[in-house]
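Down below is the structure, laid out as structure tokens.
Convention: sequence-line order gives letters A, B, ...; per-chain numbering from 1.
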There are 2 protein chains.
Amino acid sequence: MSIDVGGHLKAVRMMYGLSQRELAKRAGVTNGTISLIEQNRVSPSVSSLKKVLDGVPMSLADFFTLDLQETPQVFYARDELADIGDRDVSLRLVAAKRTNRAMTIMHERYRPKADTGADMLSHKGEEGGIVLTGHIELTVGGQSRVLGPGDAYYFASAVPHRFRNAGDEPCEIVSASTPPTF
Amino acid sequence: MSIDVGGHLKAVRMMYGLSQRELAKRAGVTNGTISLIEQNRVSPSVSSLKKVLDGVPMSLADFFTLDLQETPQVFYARDELADIGDRDVSLRLVAAKRTNRAMTIMHERYRPKADTGADMLSHKGEEGGIVLTGHIELTVGGQSRVLGPGDAYYFASAVPHRFRNAGDEPCEIVSASTPPTF
DNA sequence: GGAAGGTGTTTAGGATAATAGACACGCCCT
DNA sequence: AGGGCGTGTCTATTATCCTAAACACCTTCC
């Protein structure tokens with residue numbers, strides 16, 4: 001359940017090829033501290049963990065985001081992308097089966113009249129994308145705009161938003177969002 | 001320099017409309033603890049901060065990743081994308097000027113013979129993308145593959161990697177990486 | 001007015017983490 | 001063998017955090 005902070009720190013330290021004492025010196029703490037943390041015999045305060053990570057250096061966000069897994073699938077042929085869309089909106093997802101992805105990358109296709117709905121979407125994280133073909137009307141918070149090929153967008157997903165294809169040709173987009181929503 | 005954990009926690013608590021006591025109860029700590037943390041009079045241990053966040057609920061990674069800023073630019077016209085590439089590789093960046101982005105989204109264009117180099121790239125985070133036009137040879141760790149239109153990739157950036165356009169037509173890609181490298 | 005129930009803050013004491021330094025082991029070298 | 005230097009671990013003391021309970025302030029209600 002609870003995160004293995006100690007093992008995590010040890011792995012990070014190893015990745016950088018540092019000894020406990022060396023890291024301790026850079027971080028301005030004692031080697032004993034690092035030893036105790038790595039054994040999970042203590043739970044470091046955020047401030048001291050930050051001091052330790054500053055010696056690497058690595059941010060707290062990176063530390064807690066990092067996952068230590070083996071190397072999974074890298075390449076995905078066009079028809080290996082998982083399609084999770086519906087009739088009007090095709091969402092073709094890269095690395096769908098990969099667990100603990102840091103983000104979601106999708107090839108989206110909006111049919112004419114496709115609309116994500118008037119009750120606007122709202123979730124955590126950030127998302128952005130680039131329009132490939134066609135046009136899409138994007139509403140984010142109070143703002144609204146029609147984007148064409150080559151145009152792009154980026155916003156915090158917490159702000160309510162809506163995609164609508166008002167034209168009569170399909171609209172293709174490559175989008176990314178983090179943390180992953182699918 | 002050091003993160004404002006207290007203000008951060010307070011903002012999170014407010015976003016969820018909880019009082020200190022209410023959050024304390026859910027988290028299994030005392031309200032005083034939360035008060036002290038929010039005032040930055042103490043730096044909580046990782047374990048207790050985790051307990052508190054479990055009451056929201058929110059992961060440590062999300063907590064440290066979250067940035068609390070006002071809503072910046074959302075829409076980017078095709079020619080507003082910042083081009084940070086060179087002669088052979090054009091990298092057109094979405095939301096270039098936005099600080100504390102969670103990821104980098106780019107429209108990349110590799111000229112024929114373009115190559116990111118034999119000394120392979122290696123940085124932290126994860127990256128992925130979808131090929132729009134042309135073909136690109138991607139090498140990740142030991143694996144190598146030529147990707148065409150619609151094909152995609154996704155991997156941990158820590159693994160050494162290289163992009164090379166071996167064909168005679170330009171190759172376009174939309175890519176995303178997190179945390180941002182540019 | 002004042003009691004009840006809400007808010008965040010403060011304080012004394014017990015629990016926990018960090019330090020400094022000792023300890024034990026392994027490796028290399030003369 | 002015995003330094004010398006590296007590693008990670010342990011222990012007594014000091015520093016810090018967490019808790020329980022009181023405190024101060026606010027609004028609502030009778």
Could you tell me how far apart [X] ([atom1]) and [N] ([atom2]) are, to the nearest whole angstrom?
| X | N | atom1 | atom2 | result |
| --- | --- | --- | --- | --- |
| B/Glu22 | C/dG5 | CD | C1' | 14 Å |
| B/Leu36 | D/dA21 | CG | C1' | 13 Å |
| A/Gln39 | D/dC10 | CD | P | 5 Å |
| A/Ile34 | D/dC10 | CD1 | P | 16 Å |
| B/Leu23 | C/dG6 | CG | P | 17 Å |
| A/Lys51 | C/dA17 | NZ | C1' | 12 Å |
| B/Asn40 | C/dT10 | CG | C1' | 17 Å |
| A/Lys50 | C/dA18 | NZ | P | 15 Å |

(Q) Categorize B/Ser45 for me: base, sugar-phosphate, or nothing, with a 4.0 angstrom heavy-atom threshold over every strand shown. (A)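 Result for B/Ser45 = sugar-phosphate.
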(Q) Under 4.0 Å, heavy atoms only, any strand: does A/Glu38 hit a base, just the sugar-phosphate, or nothing? (A)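 The residue A/Glu38 makes no contact with any strand.
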Does [Y] offer a backbone N or O that forms a donor-acceptor pair with the side chain of [X] under 3.5 Å?
| X | Y | value |
| --- | --- | --- |
| B/Asp54 | B/Ala27 | no |
| A/His8 | A/Phe63 | yes |
| A/Asn31 | A/Gln20 | no |
| A/Asn165 | A/Ile136 | no |

Q. Relative to the 5' end of DNA chain D, which residue comes earlier, A/Gln20 or A/Ser47, by the nucleotide with the nearest heavy atom?
A.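 So the residue in question is A/Gln20.
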(Q) Judged by each residue's nearest nucleotide on DNA chain D, which is more toward the 5′ side, B/Asn31 or B/Arg41? (A)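 Taking each residue's closest nucleotide, the earlier one in sequence belongs to B/Arg41.
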Q: Would you kindly check whether a donor in the side chain of B/Arg21 faces an acceptor in the base of C/dG6, or vice versa, at under 3.5 angstrom?
A: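 It does not, because no donor-acceptor pair links the side chain of B/Arg21 to the base of C/dG6 below 3.5 Å.
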Q. Does atom CZ of B/Arg13 have more than 12 heavy-atom neighbours, drawn from other residues, nucleotides or ligands, at distances under 6.0 Å?
A.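 Yes, CZ of B/Arg13 has more than 12 neighbouring heavy atoms, counting only those of other groups under 6.0 Å.
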Q: Determine: side-chain N/O of B/Thr33 to OP1/OP2 of D/dC18, distance under 4.0 Å, yes or no.
A: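 No, outside the criterion.
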Q: When you get a sec, tell me which of D/dT19, D/dC18, C/dA20 is the closest nucleotide to the side chain of B/Val42?
A: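 Ranking D/dT19, D/dC18, C/dA20 by closest atom to the B/Val42 side chain puts D/dC18 first.
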Q | Candidate nucleotides D/dC18, D/dG8, C/dA18, ranked by approach to the side chain of A/Ser35 - the nearest | A |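 For the A/Ser35 side chain, the nearest candidate turns out to be D/dG8.
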Q) Taking for each residue the nucleotide of DNA chain C bearing the nearest heavy atom, is the 5' side occupied by B/Ser19 or by B/Gly32? A)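 Looking at the nearest nucleotide for each, B/Ser19 comes out on the 5' side.
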